[in-house]
Structures are given as structure tokens and as C-alpha cells.
Amino acid sequence: EVSFWINYSTQQNYDGVRLEYTKNGVTWTVVGQQGSPNSTNWYTNNSLFPTSLPGWAGASGGWQFAKFKDLQFLTNEPTVQFRFVFVSTTFQGFPNDGFSIDDFELYIPITVSAASQEVKPANKLLIPGGQPIRGLVVNKGTTPLSKVAVTLTYGSLANVIVTDTIDFNVVNGAPLPLNSTYWHTFSQPVSAIPGCQTICMYTSYPNQQNDLNTSDDTVCNVLCAFDSITPFNGYCEDFEGTNASWVALNGITFVGPTSWALGSPGKANINTVHSGTKAWCTKLFQNYPAADSSALFTPVFNVTAGQCYTVKFWHQYVTELFQDGGTCEYSADSGNTWKAVGLPYDPLWMNTFYVAGFNGPPPVPGWSGNSAGWIYSEHDIQAYNTGPLMLRFRFGSDFSTSFDGWAIDDFCFEPKVQPCVTAVIENDGDEIFLFQNEPNPATGITNIKFTIPGDGNVNLNVKDIAGRQ
């Protein structure tokens, strides 16, 4: 196969380009005709005026991809050379840009080959214990893929976890076509241990034959499993050590980059820690960025069903009121879903029903505005199931003004005897929330989100900067 990208503007039917090949450097032959079988965008004319030979002419309207398959005339040839031939007439008065060519490729199709494209946890986050792993398989051969063996390793290629055989007629209903992909969940989970390990998968024996291209059989990824703690007597962290068990990730994608950093902050307002010399802060020396979504994860706590626990910490925040701020959330399903701890305006807890930077609806409660220094917060949380419980401090901002941000210090997670106060409901539920429009500023169209307590008609008045409605 031969393929390339072309961009041209020439006089239609007169000026253009054709592709030729030679086996001996003397005799040149045109490759194909207009619309040759198994070709893509191959010539626009069968006979250009100057030469009566085919070619591309006229206006492509931008870059186009061209491909010619089944170059059977090159089989067993030791050498071959291609050339692009541009021709034009002697007519004047029709100036055009001409012809451009890029990304030329001569490709020998492989009949039988499978490749590993990606390997990752089935859950969004990797926690200690048995964790399912998924791998993405792609058919790189021209022959449809009926079966392939996939092997999962953890820590090193020698530490094989499992080798599965995928029968695509069974799991997919049909063989896998060329360049098609399939997500496979391995039959044996990985017993993840705290820290970072290399996880790999590799394919072998596509269609029960030797793979004709083994260079893309293996793919690896470095996965970091969270630390696990059973808080029988409580867990407290002042962040003065290495704190490897706390992890900062993007709050949506669960990868980097993130604004959370550990150290001694030096900003206009947040310029101290609560104790010692270190605290976690959204940027140590700069304001938080626009459209931020950064999450700081605690270790994984092994909790007991029915047991009450108290989350305690000191923090300081300086943000744009209602637009930017932070929240505290928990997950009991390896980070797949998250819920806010408690309710806004609970004692010693969140001070707003919503933070626009979290991009509701539904509204996400949190802390926003100016705490006027370090303040203490605590809240009870009850475990409904025995198993892992994750906590995170998530920060969000909109697209406009930014300030110092949010700092966390002296965290504790402790078991508590009854009573367990998980929420204090005092509001009457008749609030209306209007969120920041996005994008802002905007030209033409902007999106405005809002929530109301029930069904009914809504009047929404929009005014521009001059007050015109």
C-alpha cells in the first residue's frame, strides 16, 4: 500500500499531478486510474489535457488523504522508486497555488498480527487488594482476528498473573476486523500492594499462529496503589514526614497535573501552616488557575459496617465567593462515585450550598469565600459496608478571578462512639440556585445552569454589561 496527504489548487482538467513508479530507474509507469478499486481519493481526472494521463486537478479544498492498495506489481521486486509528476498547460491567465504533498508512506500489509494498546485498572483508582484489570487489544492484521492470547504481568514481565484466550466469535459475535479494538477484563485480578508497580499485557498467537509483527505486542503502565489503613485507634497526619500515602490527582481524570502541593505556602493571605512547617495547598506560591479541578486523596481506610467515624482537620481558604472553593467527599466503590460528606451549614462544616467551579447541577456544597485564617472543621461519617472507604479534598474554580486557594493541615480520621451525627437538616428545601454562565466572558452563546426545588415555570432575565435586557 502507498498513502500520503495532498493539498492542491490547479486549473481543472489541465494542470495537475500523477504518481508514477519504476523498477529499473528507466521505465516509469502510472500508478492506477481514477477511482481504482481499493483506493481512496485516487485521482480526480482520467485524462489531463497536456498528457492524456490521469491525475489530481482542480481544488482539493484543503488536505486530503490518498491511498492505493494492492500494489501487486511490486511483488518480489528488489527495488522500487516513486515520483510525483506535475504538468501544466501553456495557457496564461489561470494562476493557481499548485500542489503540496506530506506524510508519504509505503506500507507492506501484515496478514496476521495483534497488538496491545492500553492496560489500566477497571476501577478509576487502584486500591490495595484484588483489583480487576482491563486491556485494549487491536487487530493489526489484514485477516480478521478470531482468537488471541493475552497475558497480564505485575511488577515484572516474569510475574505472570494470568493468560486468557479471547474468542471474538464468542465475546464479540464475530472476528475482529483490521484496526478494530476490544476491551478485555482479565479473568484474574491483581493483588495490588501500596506504592507504584509496572503492569504489562502482551498478545500472542493471533488466530493460533505466530504473530508476524511482535514489536507492538507489549504495552506497560506504571500504576500506583493507594496506601491502606485500618483505623482501630484512629489515624492522624500532620504532614511533617514523607506523606507518600496521600496522593494528589486531577479530580475528574484521576491523573496529573494537579494544583495540590505539599510544603510551606507563601502567598498574600495563606502564608503560614497550622502546625510544623508543612501543609497541603493549592499552589504554594501562586494563585490557583482558572478552570481548576484538583483532588487530594487520603489513604484508603478499612472501615466496619455500622461504625461511626469523625473526619477532623484544620484549613484556610481564600477564594472567589460561590464561584471557587473546596469540598470533602467520600467513595465506597474504589473512586467510581463520590458523595459530599455531610450537608452545608452543619456545625463546623461547609459554608455554602454550591460552588459554581464544580460545574453542577446538581449543586455541589463546599467552602468558599474567605475563612479569615486557619479554622477547624469536623464531621461524622457512618460506614454502611465493611471494606475500603476513600476520602478526598476536591477544589474547583471557574474561568475568571482567582485568589490564594485552599490549604489543609493536621488531619484525623477516628472511630467514634454513638451518637453519630451525619447531617443536620435545618433548611426548608425551597432554595433556587443559579450557576455561573459558561463560557464567561462569551461571544454569541453562553450556557446558564440553574436548579429549582420543584416543577414550575421559570422566568430567566439576561442583561448585558450595559444593562440591556
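Both backbone and side-chain heavy atoms feed into the values below; hydrogens, waters and symmetry mates do not.
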Could you pull out all residues at least two apart from Tyr384 that satisfy ring-ring contact (aromatic ring centres under 6.0 Å, His included)?
->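 Expected list: none.
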
Are Trp406 and Trp260 close enough, and set up right, to give a ring-ring contact (aromatic ring centres under 6.0 Å, His included), and what steps lead you there?
-> CA-CA 9 Å; Trp406 197 19; Trp260 284 106; 5.7 Å; yes

For Asn7, does its backbone N or O pair with a side-chain atom of Ser60 as donor and acceptor, under 3.5 Å?
->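 Side chain of Ser60 to backbone of Asn7: no pair is present.
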
Ion pair check, [X] and [Y], cut-off under 4.0 Å:
X      : Y      : value
Lys339 : Glu329 : no
Asp380 : Lys416 : yes
Glu20  : Arg18  : yes

Does one side chain, of Trp374 or Thr272, offer a donor that lies under 3.5 Å from an acceptor on the other?
->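 There is such a pair between these side chains.
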
Which label fits [X] and [Y]: parallel for a plane angle under 30°, tilted from 30 to 60°, or perpendicular past 60°?
X      : Y      : value
Phe226 : Phe297 : perpendicular
Phe4   : Phe104 : parallel
Trp367 : Trp349 : perpendicular

Are any non-hydrogen side-chain atoms of Glu118 and Trp183 less than 4.5 angstrom apart?
->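 Yes, side chains in contact.
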
Can Arg394 be said to sit on top of Phe358's aromatic six-ring, NZ or CZ under 6.0 Å from centre and within 45° of the ring axis?
->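 Yes, a cation-pi geometry holds between Arg394 and Phe358.
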
How about Trp246 and Phe411: are their ring centroids closer than 6.0 Å?
->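 Yes: the rings meet the under 6.0 Å criterion.
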
